[in-house]
Amino acid sequence: MRTSKYLIATSKETPADAVVISHQLMLKAGMIRKLASGLYNWLPTGLRVLQKVSRIVKEEMDNSGALEVSMPVVQPAELWEESGRWDVMGDELQRFKDRHDRDFCLGPTHEEVITDIVRNEINSYKQLPMNIYQIQTKFRDERRPRFGVMRSREFIMKDSYSFHLNQDSLDQTYQLMYDTYSNIFSRFGFSFRAVEADSGNIGGNKSHEFHVLADSGEDEIVFSDQSDYAANLEMASAQAPLAERPPSSAELALIPTPDSRSIDDVCNFLGVKQSSTVKTLVVLSDDDEDDEQTLIALVLRGDHQLNEIKAAKVAGVSSPLTFATEEQIRATINCDPGSIGPVKAPVKVIVDRDAAILADFVCGANQDGHHYSGANWERDARIESVEDLRNVEEGDASPDGNGTLSIKRGVEVGHIFQLGNKYSAAMNATVLDENGKSAIMEMGCYGIGVSRIVAAAIEQCHDEKGIIWPDNIAPFHVVIIPLNAHKSEEVTAVSESLYAQLQAIGLDVLLDDRDKKTSPGVKFADMELIGIPHRLVVSDRGLENGQIEYKKRGMPDTQDVAVSDIVAFLKKTVLID
RNA sequence: CGGAGUGUAGCGCAGCCUGGUAGCGCACCACACUGGGGGUGUGGUGGUCGUCGGUUCAAAUCCGGCCACUCCGACCA
């Protein structure tokens, strides 16, 4: 490609509404343009990268034995009603009617459609297992699109769905996909982690997320420094406390604590550490027979944070977790939410493991403006049950007993689930087994955010000048920059010759043949911003010595290579795979 | 969905408070110079000031409705 025939579309200014680096650089480098909130046009440079990412994902999926199909973006409501998700899904599901007033939606995912295909096409256990994938545009009407293509409403996803006669077969394919995903993200050169994850609303049991480590990531992931334990913060547990609860030594004392409603306030007022206090959060129970929902108190150590996912899984607690309103608290406990505590509380008290081993602690007294000091479990406060309710913290012991936990931010680029028979049962997707009996298929599903990978790669690979692409997803492998071509026939001739020769050995080459009004500085800056990994500068100065200047993007030094060697040099330097 | 904010040229912004000729930088076009790091000069192109309505002799500016977009939070298959 010649820049004179191409759309460079770079800009010096950083657009005001881009906050993360990948979004800024994608706009500045002319890869994308916003069309509306969460909707982006992909310009030529961006599309080249996107297609290379897709190609690698496709190659590895094909290698794994998965079969590629293409399913429509638009899906009929009937299938979603059959699976039960038409009514369950929130407004992320973009619903609309066609001219005949029939209900449709834009596909945010394709479990229903694939299950429909498979129940029609697959009849025998002999055809299983089968893993089917597509690389397709998805639409989710996100409440708050942000970070450019990292969280857009329309995006490209590789989604695959596997079908099995039994759990063993599902386990095997799940592991195969785990390994395939690891291969894919390794090919992009990512620093990534696979972590145990909550399977969320999609249903099912076993689930792993693949995260690219990046400070701008929206998720917090937890891993041990000495073992392979890794989990999403939502799922992560610390090792249960090993210490026994010390014996009580203090008397329960009621203390006026005017205007002290938060843990911070109380600790400042009383001069105690947060870890010697407990905080009490009141949530709704899950008995919904009548309007009079009972309340449940969740008690954590003052310095710990509630994990809402874990709390919602505790027996008796509403799911999704719903906090009691101030009125409900007032009606049942008769105090404001800043003064609640487990002592003589008129509700069930569920206690976090770390809060349960405290003795002589400070807590709310269930009277406005009062706290207790010297409170002790059993003696002063009844425990309904002890659970793991809190977020892990940096430095907690790993649950497998090996090492301590670190927390880093990550961008979720892949997610694999074991769905079980949630969709196959609802939609009656069965095969005949070897005994001739009808069997509901087990399912797995596996997603990769293809467009998100482009952003994640930039998050990991950039410097103050711009993007630094790995060779295998760079929009171009090599850029040739002729200097003073308008004055030097030799520079022009050598540049053209190189351009042809490098293309002939299979490289994607960009020849910066913009006219003399485009100064060398502009060309260098543009190509560094765009992130082309290999740069050749052809100049009279170099040609006098029979040399071309080579520079690798991101490396400080240039090197001179003989004109006669340059093609062979690049052939072995550029990593095309 | 709650809170906050912004809409003026392709991009970044000023002008609004105190109503009266719509401006600056970048980009773009022409010419000349320059020619290994976003160069210089001269001259240009480009805007229904988000939109609808109100006040006024007069509205980018004051008032109101609507729309769009952004940020923080909640949510996220």
Side-chain angles (χ1 to χ4, degrees), chain A residues 7-20 23-24 27-28 30 33-39 43 80 83-86 88-94 105-112 138-148 150-153 155 157 159 161 197-204 207 209 218-219 232 234 308-309 320-323 412 415-417 419 422-423 445-447 449 452 465-466 481-488 491 512 514-529 535-543 548-549 551 558 560:
Chain A
L7 182 59
I8 292 285
T10 53
S11 73
K12 273 191 262 189
E13 304 272 6
T14 300
D17 56 7
V19 293
V20 298
H23 188 196
Q24 292 173 357
L27 289 165
K28 287 181 74 171
R33 290 289 184 262
K34 186 173 71 180
L35 180 62
S37 180
L39 301 176
L43 301 185
W80 288 76
S83 73
R85 288 207 288 182
W86 185 257
V88 172
M89 296 276 289
D91 289 334
E92 291 82 35
L93 182 65
Q94 180 71 57
C105 64
L106 295 178
T109 178
H110 282 71
E111 281 83 8
E112 283 80 2
K138 307 286 189 200
F139 189 91
R140 298 178 186 176
D141 192 8
E142 294 283 349
R143 281 170 186 187
R144 190 176 161 207
R146 58 184 140 175
F147 303 156
M150 287 240 277
R151 179 163 294 275
S152 52
R153 292 193 290 178
F155 56 98
M157 184 169 162
D159 50 326
Y161 307 89
D198 184 61
S199 49
N201 291 353
I202 197 167
S207 169
E209 290 170 351
E218 290 187 275
D219 296 289
N232 190 303
E234 294 173 347
E308 298 190 20
I309 303 280
L321 193 71
T322 311
F323 287 98
E412 182 188 347
H415 201 160
I416 60 178
F417 302 82
L419 294 175
K422 173 172 171 170
Y423 298 91
C445 87
Y446 319 93
R452 185 180 274 184
K465 291 174 177 171
I481 301 182
L483 296 183
N484 289 321
H486 59 106
K487 281 188 181 170
S488 167
V491 166
D512 198 346
R514 283 178 287 182
D515 68 20
K516 61 182 181 179
K517 298 194 69 170
T518 306
S519 72
V522 170
K523 292 182 177 180
F524 293 150
D526 274 347
M527 296 309 149
E528 283 161 342
L529 174 58
R535 182 184 83 186
L536 298 179
V537 176
V538 182
S539 67
D540 276 326
R541 201 173 74 189
L543 291 179
I548 304 284
E549 178 193 284
K551 185 170 187 295
T558 61
D560 291 321

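So that the names make sense, note that chain A is the first sequence line, chain B the second, and so on, each numbered from 1.
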Interatomic distance where CG belongs to A:Asp141 and C1' belongs to B:rC75 [whole Å]
13 Å
Provide the distance between the two [atom1] atoms, one in [N] and one in [M], to the nearest whole Å.
N: B:rC66; M: B:rA77; atom1: C1'; value: 34 Å
N: B:rA14; M: B:rC57; atom1: C1'; value: 29 Å
N: B:rA27; M: B:rC63; atom1: P; value: 37 Å

Taking any heavy-atom pair under 4.0 Å as a contact, classify [X]: base, sugar-phosphate, or nothing.
X: A:Asp91; result: nothing
X: A:Arg514; result: nothing
X: A:Glu218; result: nothing

Can you tell me the base-pairing partner of B:rU56? Count Watson-Crick or G-U wobble geometry only, both distances below 3.5 Å, and say none if there is no partner.
none
B:rU6: pairing nucleotide in any strand, Watson-Crick or G-U under 3.5 angstrom
B:rA68
Here's a test of your reading of the structure: between A:Leu529 and A:Arg151, which maps to the more 5' nucleotide of RNA chain B?
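The 5'-side residue here is A:Leu529.
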Each nucleotide in nucleotides 68-74 of chain B should get exactly one letter: B, S or -. Can you fill that in based on protein heavy atoms under 4.0 Å?
-SSBBBB
Answer yes or no: is there an ion pair linking A:Glu111 with A:Arg85, defined by an N-O contact shorter than 4.0 Å?
yes
Would the base of B:rG38 count as contacting A:Glu528 through its side chain, where contact means a donor and an acceptor less than 3.5 Å apart?
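No pair found.
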Taking only nitrogen or oxygen atoms into account, show me every contact under 3.5 Å that the protein makes with nucleotides 31-35 of chain B, one pair per line with its distance.
residue, atom, partner, partner atom, Å
B:rG35, O2', A:Asn484, OD1, 2.6
B:rG35, O2', A:Asn484, ND2, 2.6
B:rG35, N1, A:His486, NE2, 2.9
B:rG35, N2, A:His486, NE2, 3.3
B:rG35, N2, A:Lys516, O, 2.1

Sequence neighbours left out, what passes salt bridge (Lys or Arg N to Asp or Glu O under 4.0 Å) with A:Glu13? Give chain and number order.
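So A:Glu13 forms no salt bridge (Lys or Arg N to Asp or Glu O under 4.0 Å) with any residue.
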So which nucleotide from B:rA77, B:rG36, B:rG38 ends up closest to the side chain of A:Arg85?
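For the A:Arg85 side chain, the nearest candidate turns out to be B:rA77.
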